[in-house]
Every structure is written in C-alpha cells, then in structure tokens.
Amino acid sequence: MAEPYDPQAVEAKWQQRWEADGAYQVENDGSKPPYYVLCMYPYPSGAAHQGHVRNYTFGDLLVRQRTMQGYSVLSPIGFDSFGLPAENAAIKTGIHPRRFTEARIEELKSSLKRLGASYDWRREIHSHDSQYMHWNQVIFQSFFDAGLAYRKNAPVNWCPGCQTVLANEQVLADGTCERSGDLVEKRDLEQWFFRITSYADELLSALDDLEWPERVKVMQRNWIGRSEGAQFRLPVQDSDDQIEVFTTRPDTAFGMTFVVLAPEHPLVAPSTKSEQADEVRAFVERVRNESDIERLSSEGPLDKRGVFTGSYAVNPFTGQLVPIYLADYVLMTYGTGAIMAVPAEDQRDYDFAKAYGLPIVRTVQPPADWEGEAYSGDGPRINSEWLNGLTDTAEAKAKAIDWLEEQERGERTVNYRLRDWLLSRQRYWGCPIPVIHCPEDGIVKVPAEDLPVLLPDDVEFRPTGESPLRYHSEFLNVTCPKCGGPAERETDTMDTFVDSSWYFLRFCDPWLTDAPVDLAAATRWMAVDQYIGGIEHAILHLLYARFYTRAMADRGLSPVDVREPFERLFTQGMITMDGSKMSKSRGNLISPEKYFDSVGADSLRLFHLFVGPPGDDFDWGDQTDQMIEGCSRFLGRLWRMALPDGAASAGSSEVDDEMDKEVHRLIARVNGDYERWSYNTAVAACMEFLNSLYKYVQSPSGYSSTAVGFAVDSLLLLLAPMAPHITAELWERRHPEAEPLHVQPWPTADESKLVVDEVTMVVQVNGKVKDRLSVSPAVTESAAAELALASTRVVEALAGRSPRNVIARPPRLVNVVV
RNA sequence: GCCCGGAUGGCGGAAUAGGCAGACGCGACGGUCUCAAACACCGUUGACCGAGAGGUCGUGCGAGUUCGAUUCUCGCUCCGGGCACCA
C-alpha cells in the first residue's frame, strides 16, 4: 500500500523551505528580465476569505510560472492598514486602531502563508508604517507646492447631532445620519482637494493603449465624462452681471427661450426681484435641505422643481430677453452651474417649458414622421438666421462657436464630469495632512525635519463621530514654523485611497531612506506588468493611482517616463453566496482555514482555478465542498501515480513515441490556456491527461516506464504554479539530486512532436453526422469528398439520391448535401 | 433613461478562426473491493422514441445569412453590473 498524501505535513514543509531559502526574494540589480506581478494589497480585515484566496491564487500562479520561465519576478505584498473599520472598532471596544489593525494583519498574513503564496516578504509595506507615512506626507507637500493639493470650500454632509462631516456612504437613503438619525444638512466647509481634473484629458486618452478589460476602460471614460462645447455669457438686464453658461449644442442657441441657474449659483441673490424674493428663498432653502439622493432621484412634477427670479437675460444670438429661472436639476458642480434652456431640442428643458408656460421655438426641423417632443437629432436649421439651412450638426456647432469667439461673447471649451478628489477626512486612523494653520501666515507646511507627523497614541475614542485629534491639545497646538506665533495643526487625515495610489512604486525599493521612490529601481520594475484585483476598484483606486503616477512623475518623485502604473489589469470575479457578496457583516464568510486543515491549500487553489473562468463570479453553494473534494481526489491520483514506487513503477524501458506525443500536446495545450488565463481548462486538460495515463499503465499490453516518467515529470512542471506544494514534494522524491521544482525551466512543447499522422474527419449528410473517418491531416479536398461518398453509412443515408453538393473542409469535415 | 456584460444537462462549466454541442469536474444510478463502512477502482448518465440498429429534438425566445450557427446579423425576454437630471 502506497504512502498516503499528507497535505498538512507537505505544505508546511515547503512553505518553510521557500521562506528559508528566500525562493521568491528578488534583487533590484539582477540580470534576468524583470517582471512585476501585483495583487491589490488587501485591507486587513482578519483571516483571509475566499475572495482573497482566489485573488492571491491567480497572482501566485503567475509569479511561479514567470519565475520558471526565467524572469526575475517582483512579487511584493503589503497591507492597506488605515481606514474606518479600525476606528469604529476602537470607538466600540476601546482597543487602539493600531493594535486592532496589527492583530488583523497577523491573521491575514498567516492565511496567505498557508495558501502557499510566494512573496518577497522583505518588501512588506503597511500604510500606517511611520516610514510610509513620512513619504506620503513628503509627496503631499510636493503636490501642495505645485498647486496640485489645495483647499477650497465644498458642500459637504453635515450632521447637526454629531457635529461633524459625514462621508457620502454614511448618509442613509432618506437623508439621515446613520449614527444619530438626524437629518443631514449641506454645509460649505473648507476641505483638501487634489487637482486630478488637470490630468483629465491625459487620463482619458491614455486609456486607449492599456491592456485592461474593456469594461473597466469604459467605466473610467464615463466617469471622466469629457464633453466638448462652448461657454458663453449672457448679460443680465438692468445689471452689470453676466450669466456664463456651458452647452454642447451652441448650434441650437437661437431656440434658447429661458435660462436656468443652480439654486447655489452666486447670481441667484442679485438676480432675484423683490416680488419673487419669498418664493426664491423658500425654494433655495428647500433644495438645500434635500439630500443629494432626493435631489437627483426626484421624478415628480416639474412645476415644483423650479422658480422664476423675476429677472431677464439677453440671448446674444437673438438679442431677445429670456427669463431667468432656478431649478434643482441644474447642478452647481457641473459646467458653470447655469444652462441655456432650449426646449425644442432638449427633453428636460421641454418638460420645464411646458410646466411653466414658456415658449418653445424649434431650430432644427425634425423629420416629417417625427411624433416626439424635443428633437435632438440632425436636420436642417430653422429660425436661426445665419445658421438656417445647415444640416450638419458639427458644422453648425463650429459656426456658432466661431461667431461667439468673433463677438468675444464666448469660446470653445471642454467640460469634464470628473471633479477634483476630496481627500481630507475628519478621522483619526489615517495619515495626517502635514500642514499648520497660522492666523498670520495662513497654511504653512510642517518643516521637512519635523516629518513625519505621527498620530499620537494617547487619544480618546469617543462616539462623537469627530476626530480625536481635535481634542489632543499637544497635537493641535503648535507654533508657526514661519512666525513662531501660536498656530493650529491640521487635524484632517488623508483618504486611504492616497495610500494605495503609490504603494506599487514604493515596493520597488521600500528600504530607501531619502526619497519616496528609487528612480532606478522604479525604472527597472515599473510599470506593473500584471495587476490583479477586484472589479469594485474599477474607478476610484485605479483612477487615483493613474493620477498619482503622473503627478509624481511630473514632480520628479518617480521616473518621468512612467506615466501609467499598470500595464495589464485583470479583474477577477467575485465569490458570492446566494447571489450576494460574501462579507463579514452578512456573516457568510467561508474561511479557507478549514480547507487548509483538511484537503490542504493545493486542493483549494486548484478548485478556485478549476471552477470557472477567472473573470466570472462564482456562487458558493451546496455542491462546492464536493467540488473541492474532487480536486483533492485528483491530487491523490497524481500522488499515487507519481510516487517513485507508485502506480507506474514497473513498465518496460522502451521508448513510446505515441505517449511522448501526447505529452507534448498536453504541454502545448496547457501553455495556451495559461497565456489566455483559461486556468479552468488548463486544470481540465491535466485531469484528462492523468486519466489517460492511468488507462495507459493499466493496459494489458504493457507500458513504457520511460514514457510515463516523462509524462509525470511534465505534469508536475505544468501543475507547479497551480498546486505548488504537492508537486514540489513529488519532484523532490523523484529527483532527490536535482534542483527543486520551482527553479526548473518551464516546459515547452516540441513543435515537431505536435504533428499527427491521422485525424478524425466528420462526415455529414445534410449537416447531420453520419460517419467518422480516420484520414491523413494532409488529405486533399477531392480525396476527402471521395472517401466520404464511399462511406457505407453515407451511401445508406443517401438511399440512392445523388448529392447536389459536397462541401469538403479537409481534414476536419465533409458535408454531403442532397 | 443611457452604457456594458451574460443566458448551454440535475449543478459548475467546455467548444481558442462558422464545422462532431455538452470536454473536465460535481451529483445521480449500477457494479468491484470489504463482515460492513470509508477510501479506491470500473461502467452509465441532455431529452424523447426504439428490444436493438438507429431515429427525432436540443445551447433564453422569434426571424435572417449559410451547405452548416452555442458562435455572425436583426428584433425581443430575463438576469447581472456601471452611470444616472452632465446642460
């Protein structure tokens, strides 16, 4: 009886071996070609869940395969260790976020190690490391110097009960605070922003060249939301004020019959006539107290959604007066906060015009069969003086803009939906923003020699929702570095997306003590050749990282020519349960530990690879455990076959060309599957091959042990990135003198052994399979047709009828048509 | 509303360039081994008709192109995701 496979003993042995040998440590000055594989570093929420297992299995597979292929593979790992959950836990339990987080990191690390994931652990980064915070702050100050980080007033969610600002996520759908239940108000408060909009154009256009999933690129394009048009000014009647509007359809401006301002627009007060004042004030007040969600989702009658100011502006195209309205659907945050309304060509303006009895003037002739209301398609211009007759919208637009520019009333502009990144958080557990507010000197950077600004540990976590830093007088009260007078330290901390926006650059040389990024090391490794993570980061994290990489390059903080952080991106599918995302709060997490303790990590890894395409979601269900068992059974079969005294230990020493060819076909097939991330079919191919190997060694006519030896060794090499422990152990037992499996060269198929002498040709009659013939792969069209017509099965099916047509596609198929 | 995906046996999925639908695994059924069980191994397994040979149907629905469509085109249905008064 062969020795049974003991996954726990074997896996522990190899994990220790790899770590002790530094098997996946790479140096920055190696001679092998560099390759950078990175999985999105995790938020440490405790022991790993199946989503982590899947993510890190894909990443580890690639690291191991590229290493065998001769690359020097950079495979770092770190932890996104700042963030709200730790602080909320502190408020609840009194445990300091640092202690809480570090304990969670240890749990997660232990899971990753038991998975057998291979990292250069010397490069580990935590975003709350004081070193990392230091460089975070240096980068921030550099951005501040360049005007890329700035402060401005922004409308934020303010909870009167908690006396603090809330993140959008903390405001419930009904506009109340998730903690106190109070109605959340909008307040203008000073916040920190990154000027990501100044990179909008580049962030958009550079997407085209990235090897990213198309849907992620589409999401980013929509998020940036570029639109071309014109911006122009309308004089307000009896006033020096001018209303600036943005439009993508300047060609329809002759049909502008009113103007609409956002309720927050600065010209609202000056344009409000006294007889309208009460109504306007009530309206503005009401909109102000509506949550964003209410305001943006309201679908009710339009007559409650606007109000007349009593004033008029001049439409520069017609010279006519048009009334100025306010409406809640005009947003202060997009364009200029004011629009020209053209009801004939815009449905929402049309509805508004109907509700308020405003005139509708068509400037584009709709087609004769047009039955709709507003018409936004092409057509001849009418009622538009010097645009009349033009049918091409682009041409009409260009002409309208030229006219505006000639008249100096407006100009061609591009508008983006993208807004600057609000990065300040009124929270403790994040990286402090390194500035001081001085009543005399304004905002002053914390001097370089005083960096990093660290978080004081002796703070009290009170359930006020406000940052404990505000109550820490030692932290708060400082002297101004410029004038020496009393000043206050900034108590806002940075959004945790800041931490994850450049960690991949730091990994290149995390030991560097005089700059955030080593330019030489980053030049060698960047861009990340393969980035792997969840689709949920399609917009924010990936966009911020792309912005940061550019801004750092432009500030000399990273290599100038590295403008994109992630060359290739793979977004793996989610693990769900009954269709919803697995999460701690839902209580449906399935821990990998129980599988490590039973079938072992290799079986679980293999299952995750085998269960379906890596990009698809997988629903964890009743049969899942049995599928994992199936993977474990396969590894058991592999074990018994591959043990030196196992299933195939007694064959003859003759050569077997047929078996050899089968092995080369397997190698070619699995390599193809690896390259296109089709791991499920790669596993299937290996299973199929092992099945046929069992048939081979059990065949009564005997087998070649040389051929089986080559077959098993090849299988071990191909499976090494997927199931690294069991394959390493078997390799060592089979080849005690050889180098270990993970440094063996990756197998490639011998092209000459892929040619076959015979293939199966399908013969159809009227598209229905009637026969299968064995033919030479070089069979000619006429020979194939002849063979097909000679088949007795075909003759029977024809029943005397003569074929009308014979379509031969040698050597795969012949279709006889009657 | 707009933009992207997706739909194949009892289940997860395969079919890489329009050419054998259902690889591989799970489950189910039958068997071998065993006192019995576990493990392992062997066989069957899309539906329907047929004793069998074999036949008919079959990739969400309806059309179309083609000798031939899971694959391409058009029109729907359902499910999932993203954006959503963006001027």
Side-chain angles (χ1 to χ4, degrees), chain A residues 1 4 213-223 225-227 229 245-249 260 262 295-299 302 305 327-331 333-342 346-349 351-352 415-418 535-536 538-539 574 576 579 606-607 610-613 615-631 633-634 636-637 640 669 672-673 675-676 678 680-691 694 698 760-772 793 796 803-809 812-818:
Chain A
M1 182 75 187
E214 202 48 42
R215 63 171 171 152
V216 175
K217 294 208 245 182
V218 168
M219 279 192 235
Q220 292 218 351
R221 282 191 196 109
N222 293 342
W223 188 263
R226 181 190 150 100
S227 49
V245 297
F246 171 74
T247 178
T248 54
R249 290 296 302 272
V260 190
R295 182 167 164 187
L296 296 180
S297 67
S298 49
E299 279 163 11
L302 275 166
R305 303 190 56 194
D328 62 357
Y329 64 75
V330 175
L331 308 173
T333 48
Y334 183 79
T336 60
I339 62 164
M340 67 168 206
V342 185
D346 181 285
Q347 187 60 41
R348 192 196 42 210
D349 293 346
D351 295 339
F352 195 87
N415 233 287
Y416 295 94
R417 207 194 71 103
L418 182 69
I535 186 74
E536 67 272 21
I539 297 171
M574 279 190 314
T576 58
L606 207 61
F607 157 76
F610 180 57
V611 74
D616 288 5
D617 289 351
F618 172 74
D619 201 63
W620 196 277
D622 298 340
Q623 281 198 24
T624 303
D625 273 357
Q626 284 148 344
M627 293 167 76
I628 297 171
E629 287 293 337
C631 290
R633 260 198 294 278
F634 165 70
R637 278 162 68 76
R640 290 190 300 276
R669 189 172 155 194
D673 287 346
E675 287 318 308
R676 63 188 178 104
S678 183
N680 51 334
T681 54
V683 175
C686 291
M687 288 174 165
E688 210 177 332
F689 181 79
L690 186 63
N691 289 344
Y694 264 92
Q698 283 161 2
T760 300
M761 183 173 78
V762 171
V763 182
Q764 302 176 331
V765 173
N766 285 340
K768 289 192 180 9
V769 180
K770 291 296 171 191
D771 206 355
R772 292 183 176 84
R793 299 270 298 105
E796 273 169 34
R804 270 195 293 141
N805 199 359
V806 179
I807 286 128
R809 292 282 178 276
R812 307 190 59 150
L813 169 138
V814 174
N815 188 13
V816 179
V817 187
V818 286

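Below, chains carry the letters A, B, ... as their sequence lines are ordered, and counting in each starts from 1. Keep in mind that what you see is a predicted model, and the values were worked out from it rather than measured.
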- Message: Please give me the minimum heavy-atom distance between A:A341 and A:V260, naming the atom from each residue.
- Response: CB-CG2, 4.3 Å
- Task: Find the distance A:Y416:OH to B:rA87:P and express it as a whole number of Å.
- Result: 14 Å
- Heavy atoms only: give me the nearest A:R676-A:T681 pair and the separation to one decimal. NH2-OG1, 3.9 Å
- Go through the structure and list residues passing side-chain hydrogen bond (donor to acceptor under 3.5 Å, both in side chains) with A:R226, not counting sequence neighbours. A:D201, A:E228, A:Y416
- Query: Hey, does A:Q764 reach any base, or is it just sugar-phosphate, or nothing, if we go heavy atoms under 4.0 Å?
  - Reply: base
- Item | A:E688 side-chain proximity, nearest of B:rG27, B:rA23, B:rG12 | B:rA23
- Nearest-neighbour nucleotide for the A:A684 side chain, B:rG12, B:rA87, B:rA23 considered: B:rA23
- Item | Closest-nucleotide ordering on RNA chain B, the 5'-leading residue of A:Y694 and A:M219 | A:Y694
- Message: Could you tell me how far apart A:F634 (CZ) and B:rA23 (C1') are, to the nearest whole angstrom?
- Response: 15 Å
- Query: Using the C1' atom in both, what is the distance from B:rU8 to B:rG46, to the nearest Å?
  - Reply: 10 Å
Nucleotides 46-56 of chain B: which of its N/O atoms have a protein N/O under 3.5 Å away?
{"residue": "B:rG55", "atom": "OP1", "partner": "A:K770", "partner atom": "NZ", "Å": "2.9"}

- Task: Might you work through the side-chain contact (heavy atoms from CB on, under 4.5 Å) test for A:K217 and A:Q220, ending with a clear yes or no?
- Result: CA-CA 5 Å; A:K217 294 208 245 182; A:Q220 292 218 351; 5.8 Å; no
- Identify which nucleotide among B:rC20, B:rA14, B:rC83 has an atom closest to any side-chain atom of A:P613, counting heavy atoms from C-beta outward. B:rA14
- Task: Walk me through it: do A:R637 and A:N691 pass the test side chain to side chain donor-acceptor pair (under 3.5 Å)?
- Result: CA-CA 9 Å; A:R637 278 162 68 76; A:N691 289 344; 2.8 Å; yes
- Message: Using only atom types and a distance under 3.5 Å, with no angle test, would you say the side chain of A:R772 pairs donor to acceptor with the backbone of A:T760?
- Response: no
- Query: For A:G335 and A:G612, take the nucleotide of RNA chain B holding the closest heavy atom to each; which residue's nucleotide lies nearer the 5' end?
  - Reply: A:G612
- Are any of A:R637's side-chain N or O atoms less than 4.0 Å away from OP1 or OP2 of B:rC41? yes
- Please work out if A:G767 contacts a base, only the sugar-phosphate, or nothing of the nucleic acid, heavy-atom cut-off 4.0 Å. nothing
- Message: Rounded to whole Å, how long is the line connecting atom CZ of A:F689 with atom C1' of B:rA23?
- Response: 16 Å
- Nucleotide of B:rC67, B:rC26, B:rG12 approaching A:R633 most closely (side-chain heavy atoms): B:rC26
- Query: Any donor-acceptor pair under 3.5 Å joining the side chain of A:R215 to the base of B:rG5?
  - Reply: no
- Task: Mind checking A:V817 for me? I need base, sugar-phosphate or nothing, with any heavy atom below 4.0 Å counting as a touch.
- Result: sugar-phosphate
- Taking every non-hydrogen atom, the tightest pair across A:A538 and A:V216: O-CG1, 3.8 Å
- Protein-nucleotide distance (A:N815, atom CG; B:rA69, atom P), rounded to Å: 10 Å
- Query: What's the shortest heavy-atom distance between A:G337 and A:V330, and which atoms?
  - Reply: O-CG1, 3.6 Å
- Go through the steps for A:V342 and A:T247 under the test side-chain contact (heavy atoms from CB on, under 4.5 Å), then give the verdict. CA-CA 10 Å; A:V342 185; A:T247 178; over 6 Å; no
- Message: Tell me whether the side-chain N or O atoms of A:N222 pair up with the base of B:rC83 as donor and acceptor below 3.5 Å, since no angle test is needed here.
- Response: no
- Query: Looking at the side chain of A:M627, which of B:rA23, B:rG12, B:rG19 is the nearest nucleotide?
  - Reply: B:rG12
- Where do A:F352 and A:Y329 land on the side-chain contact (heavy atoms from CB on, under 4.5 Å) test, with the steps shown first? CA-CA 11 Å; A:F352 195 87; A:Y329 64 75; 3.7 Å; yes
- Message: Between A:N815 (side chain only) and A:G767 (backbone N and O only), is there a donor and an acceptor less than 3.5 Å apart?
- Response: yes
- Message: Please report the distance, rounded to the nearest Å, between CG in A:L690 and C1' in B:rA23.
- Response: 16 Å
- A:M340 has an atom CE; how far is it from atom P of B:rA87, in whole Å? 12 Å
- Note on the structure: From the candidates B:rC83, B:rG25, B:rG13, the one with an atom nearest any side-chain atom of A:N680 is B:rG13
- Note on the structure: note: A:L813, atom CG; B:rA69, atom P; distance rounded to Å ~ 12 Å
Give me, pair by pair, the N or O atoms of the protein and of nucleotides 15-18 of chain B that are less than 3.5 Å apart, along with how far apart they are.
{"residue": "B:rA15", "atom": "OP1", "partner": "A:R676", "partner atom": "NH2", "Å": "3.4"}

- Query: Can you give the dot-bracket line for RNA chain B, using ( ) for pairs inside the strand, [ ] for pairs that cross earlier ones, | for pairs with another strand and . for unpaired bases, where Watson-Crick and G-U count if both distances are under 3.5 Å?
  - Reply: (((((((..(((......[....)))((((((.......))))))((((....))))..(((((..]....))))))))))))....
- Message: What is the distance, to the nearest angstrom, from the CD atom on A:Q698 to the C1' atom on B:rC42?
- Response: 9 Å
- Task: List in chain and number order the residues that pass side-chain contact (heavy atoms from CB on, under 4.5 Å) with A:N680, two or more places apart in sequence or in another chain; answer none if no residue qualifies.
- Result: A:P613, A:S678
- Query: Under the side-chain contact (heavy atoms from CB on, under 4.5 Å) test, which residues partner A:N766, sequence neighbours left out?
  - Reply: A:V817, A:V818
